[in-house]
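Comments concern the structure below.
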Protein chains: 2
Amino acid sequence: MPFRIKIPRSTIDRLPLYYRCLNLIEEHGIEEISSQVLGVRVGVDPSVIRKDLAWFGELGKRGVGYNVTYLKEAIGRILGLDKEWPFILVGAGKLGMALAEHNRKYGRHFHLVGVFDRDPEKFGLMVGGQQVSPMEEMPAFVKEKDIKIAMLAVPAEEAQKVAHELVKCGIKGILSYAPITLSVPEDVLVYNADYNLDLQRLAYYLSNDGNISWGE
Amino acid sequence: MPFRIKIPRSTIDRLPLYYRCLNLIEEHGIEEISSQVLGVRVGVDPSVIRKDLAWFGELGKRGVGYNVTYLKEAIGRILGLDKEWPFILVGAGKLGMALAEHNRKYGRHFHLVGVFDRDPEKFGLMVGGQQVSPMEEMPAFVKEKDIKIAMLAVPAEEAQKVAHELVKCGIKGILSYAPITLSVPEDVLVYNADYNLDLQRLAYYLSNDGNISWGE
DNA sequence: CACTGTGAACGCCTTCACAGCG
DNA sequence: CGCTGTGAAGGCGTTCACAGTG
């Protein structure tokens with residue numbers, strides 16, 4: 001029976017930052033890096049990096065640092081990037097189309113394998129290397145190919161309904177660009193990519209300089 | 001001399017969720033809401049909501065709940081949405097263009113007022129209601145209009161350089177779609193909107209079910 | 001009476017300082 | 001000697017339970 005430990009969410013959130021940065025560093029031909037230097041590059045305190053990595057074993061060499069390629073690959077495995085992650089896109093509007101095209105350029109571990117929309121006028125259009133198919137075909141497609149991830153780029157009014165459908169077909173992770181909070185079962189993960197949220201957070205800090213003031 | 005208190009970052013991160021939800025609820029004609037019900041809608045524990053709101057005064061009525069419109073507007077003011085936030089977009093590639101068009105449809109408090117790119121072939125193109133201008137014109141434009149927010153949708157190689165330029169012109173908040181960690185002065189805020197980060201986090205949880213296991 | 005506002009307890013992540021090792 | 005790995009201390013957000021109030 002496997003020994004299971006819960007890793008802090010904040011740790012997981014940082015791993016992709018490390019991974020992204022290590023790829024760059026590797027391209028520059030650097031072989032060893034200390035938590036100190038990596039910390040500067042990703043904007044994270046060195047002791048945080050060491051603690052984060054320590055959850056997964058002894059990844060570095062004392063007195064030396066971390067081997068860039070080794071660490072990159074270790075983090076990749078931890079994140080599950082040694083697997084292929086096919087995903088679908090629902091909603092072939094302007095945003096959906098751009099996301100699909102963008103991914104084709106940058107994605108390595110995540111592959112767009114299907115695009116679905118309700119609008120008959122969209123059917124057959126090529127988006128991110130895929131033909132847009134009618135929404136009705138989505139369930140069979142997802143089940144057959146055992147797809148776990150979906151990007152959601154439909155209008156707010158449709159989003160919740162589509163999310164239900166996705167979950168029903170076995171989708172376990174949703175990256176949602178819809179401007180609403182989706183309600184899904186516990187075992188389904190939703191990441192909100194609606195950029196208005198971030199703009200509003202920015203606005204707060206720009207307005208208040210990180211504080212609230214009152215009195216005189 | 002004003003009395004200043006630091007609000008937890010997690011509180012600020014949740015406010016836009018409340019705001020987004022309250023807008024929807026208001027449209028449905030509901031006038032009062034309890035932290036209980038709101039909590040279900042945004043997927044946040046009721047006591048967290050009450051604590052969050054308590055930072056900003058007594059926004060609710062005991063025994064009743066919160067007035068939807070009043071609370072929505074209060075949160076709007078806290079976030080700084082009573083002001084107008086003009087912003088620029090740098091990078092008129094596919095992603096940049098889609099973001100700009102998308103914002104035209106949904107944005108209320110944030111207005112795209114300029115688009116810049118280095119590629120001469122893009123100059124003059126209409127994107128999100130704005131003509132694409134040469135990068136060289138950006139500094140004067142930003143300074144003159146006193147713009148504080150920029151969306152960054154340029155390739156990784158250019159992103160850091162552009163970020164420097166933006167900061168130099170007085171930009172204080174950057175929403176970056178570039179797949180690198182930007183280094184900026186302390187008083188400048190960067191939000192990472194690179195969706196590969198979220199996809200990788202999803203992959204982790206889908207791979208490990210939120211845990212790491214080893215042994216047998 | 002219902003639901004907010006809030007102090008106190010709790011738990012968890014971060015920080016710190018140093019032990020452990022190449 | 002340098003930098004990682006880590007237990008212990010500290011800080012901070014969340015949870016809890018209830019006092020406060022319309």
Side-chain angles (χ1 to χ4, degrees), chain A residues 3-15 17-18 21-22 25 30-72 74-75 78 201 204 210-212 214, chain B residues 4-18 21-22 25 30-72 74-75 78 201 204 210-212 214:
Chain A
F3 183 22
R4 286 177 161 266
I5 287 196
K6 181 131 187 303
I7 315 288
R9 192 198 178 86
S10 42
T11 292
I12 305 307
D13 282 350
R14 282 185 294 264
L15 291 181
L17 297 177
Y18 304 157
C21 199
L22 288 166
I25 290 167
I30 296 164
E31 287 179 11
E32 300 285 340
I33 194 165
S34 65
S35 58
Q36 175 72 241
V37 175
L38 182 59
V40 173
R41 294 285 291 256
V42 294
V44 172
D45 188 275
S47 62
V48 170
I49 295 182
R50 292 202 301 276
K51 259 271 152 63
D52 283 345
L53 298 179
W55 286 104
F56 306 101
E58 309 213 349
L59 268 31
K61 283 199 268 297
R62 301 184 193 218
V64 182
Y66 299 90
N67 177 287
V68 173
T69 301
Y70 177 77
L71 183 59
K72 187 202 83 173
I75 294 179
I78 294 164
R201 289 165 191 148
Y204 170 81
N211 303 291
I212 275 293
W214 66 102
Chain B
R4 282 174 164 267
I5 287 194
K6 181 131 190 302
I7 315 287
R9 192 197 179 87
S10 42
T11 293
I12 304 307
D13 281 350
R14 284 186 294 262
L15 290 182
L17 296 177
Y18 305 157
C21 198
L22 288 166
I25 291 167
I30 296 165
E31 288 177 11
E32 302 284 341
I33 193 163
S34 66
S35 59
Q36 174 72 241
V37 175
L38 182 58
V40 173
R41 293 286 291 256
V42 294
V44 172
D45 188 274
S47 62
V48 170
I49 296 181
R50 293 202 301 277
K51 259 269 153 63
D52 282 345
L53 298 178
W55 287 104
F56 307 101
E58 309 213 349
L59 268 30
K61 283 199 267 299
R62 300 184 194 220
V64 182
Y66 299 89
N67 177 287
V68 173
T69 302
Y70 177 77
L71 183 58
K72 187 203 80 172
I75 294 179
I78 293 164
R201 288 166 190 147
Y204 170 81
N211 303 291
I212 277 292
W214 66 103

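Residue numbers start from 1 in every chain, and the chains themselves are labelled A, B, ... in the order their sequence lines are given, proteins ahead of strands. Predicted model only: the values in this text are computed from it and were never measured.
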Determine the minimum heavy-atom distance between [X] and [Y], stating which atoms define it.
X       : Y       : result
B:Ile49 : B:Ser35 : CD1-O, 3.8 Å
A:Leu53 : A:Leu59 : O-CD2, 4.0 Å
B:Gly65 : B:Glu32 : C-OE1, 4.2 Å
B:Arg14 : B:Asp52 : NE-OD2, 2.7 Å

Side chain to side chain contact (heavy atoms under 4.5 Å, CB included) assessment of B:Tyr204 paired with A:Ile7: CA-CA 11 Å; B:Tyr204 170 81; A:Ile7 315 288; 3.3 Å; yes
I need the [atom1]-[atom2] distance between [X] and [N], as an integer number of Å.
X       : N     : atom1 : atom2 : result
B:Glu32 : C:dC3 : CD    : P     : 11 Å
B:Phe56 : C:dT4 : CZ    : C1'   : 17 Å
A:Lys61 : D:dT4 : NZ    : P     : 11 Å
A:Asn67 : D:dT4 : CG    : P     : 13 Å
A:Leu71 : D:dG5 : CG    : P     : 9 Å
B:Leu38 : C:dA2 : CG    : P     : 20 Å

B:Tyr66 side-chain N/O to C:dG5 phosphate OP1/OP2 under 4.0 Å: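 Looking at the OP1 and OP2 atoms of C:dG5, one of them is under 4.0 Å from a side-chain N or O of B:Tyr66.
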Contact pattern, 5' to 3', of nucleotides 8-19 of chain C - B, S or - by protein heavy atom under 4.0 Å: B----SSB-B--
Nearest-nucleotide pick for B:Glu58, side chain only, options being C:dG5, D:dT4, D:dG5: C:dG5
Candidate pair B:Arg50 and B:Tyr66, rule side chain to side chain contact (heavy atoms under 4.5 Å, CB included), full reasoning: CA-CA 10 Å; B:Arg50 293 202 301 277; B:Tyr66 299 89; 3.7 Å; yes
Sugar-phosphate only, base, or nothing, as touched by A:Leu59 at under 4.0 Å among non-hydrogen atoms: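 Sugar-phosphate contact only.
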